[in-house]
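Just follow the structure's listing: the first ligand is 1, and inside any ligand the first atom is 1. Starting from 1, each residue takes its place in the sequence as its number.
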Amino acid sequence: MQVVHTIAELRQILAQFDAPAFVPTMGNLHDGHLALIRHAKPLGDVTVASIFVNRLQFLPHEDFDSYPRTLQADCAKLEAAGCNVVFAPSEKELYPEPQTFKVHAPAALGDMLEGHFRPGFFTGVSTVVMKLFQIVFSQAKGPRHAVFGQKDYQQLMVIRQLVRQFAMPITVHGVATERAADGLALSSRNGYLSETERAEAVQLSLALKGLIAAVLGGEHNLAALEQHAAQTLAARGWQPDYLTVRRRDDLQPPQGADFQPGQLVALGAARLGATRLIDNLEF
Ligand code: PAF
């Protein structure tokens, strides 16, 4: 496996291949990321992972500075998973001048849920992903594949729309969320949790399961259900941002005929102590 830090080095390597399969990450890798690599491997003739903690997608009070940078350990895991090339640029390499050209997600998708609670998040994600796609895929002659986790459900939708609306010849893949034995979605931020918080953390996915069970049981008063779910978590010491049921297609609240399995997804974000966790479950 080759590890490179500049765009020029990466392009030199990729010139020898036709069809990169690309997994963008921010590092501090866990089994969820490695599942993305395993998914990517058969898709192309070279598997590329990027590791870059993207300042543009963090709000000033968020964990950009403390986000764990674990390049050596990440590279060992990527190599064991069969990755061929790691692109780990410095900030100066990726943003040599202020990144004043930005890609804004459409408000109807990007300003709700995560975008509401983390304003600017999807602009930061869309901008870096657009840039990484330019860097990784510009010389490809064959199929181009990019692989993302479904844990960031709304992010995956934003990226699919980005690729569609800019007519980029890239196939975007979403890979199912990897979970710990108790059901907690794997996340780089789980490492921030204390032992007690870690034991509590599964309650977020249980709250989503509770929402799903209520909807499947015939309850369609979503406002009441969502409020109850949020209050239940709050009573356990969480600070919920949202717990909600949405249409899978566009993340809008479901109307009458939408209330069917196969159409809906439950999504949640809540803070446990200092750690903000997100999760989702399709149903
Ligand atoms: O999901 C992530 O890790 C990041 O948002 C991404 C897609 C690598 C962009 O920085």
Q. Taking the six-membered ring of Phe64, is the NZ or CZ of Arg69 close enough (under 6.0 Å from the centre) and on axis enough (within 45°)?
A. yes

Q) Going by the atom numbers of ligand 1, which of them fall below 4.0 Å from some non-hydrogen atom of Val128? A) 9 (C), 10 (O)

**Q.** Where ligand 1 meets Pro24 - atom numbers and elements under 4.0 angstrom, heavy-atom basis
**A.** 8 (C)

Q: Look at atom 1 (O) of ligand 1 and say which protein heavy atom is nearest, naming residue and atom and giving the distance to 0.1 Å.
A: Gln155 NE2, 2.9 Å

Q) Asn54 to ligand 1: N or O pair under 3.5 Å? A) no

**Q.** N or O contact, Thr25 vs ligand 1, cut-off under 3.5 Å
**A.** no

Q) Phe259 vs His220 aromatic rings, parallel, tilted or perpendicular, using cut-offs 30° and 60°? A) parallel

Q.
I'd like to know if Arg276 and Glu114 make a salt bridge, using a cut-off of under 4.0 Å between side-chain N and carboxylate O.
A. yes

Q) So, do Phe137 and Pro169 sit near enough that their side-chain heavy atoms are less than 4.5 Å apart? A) no

Q.
As a check for students: among Lys151, Met26, Lys131, Gln57, identify the option with a heavy atom nearest to atom 3 (O) of ligand 1.
A. Met26

Q. Is Arg118 salt-bridged to Asp241, cutoff N-O under 4.0 Å?
A. no

Q.
Salt bridge check, Asp279 against Lys209: does any charged N sit closer than 4.0 Å to a carboxylate O?
A. no

Q. So which bit of Ile159 gets within less than 4.0 Å of ligand 1, heavy atoms only: side chain, backbone, both or neither?
A. neither

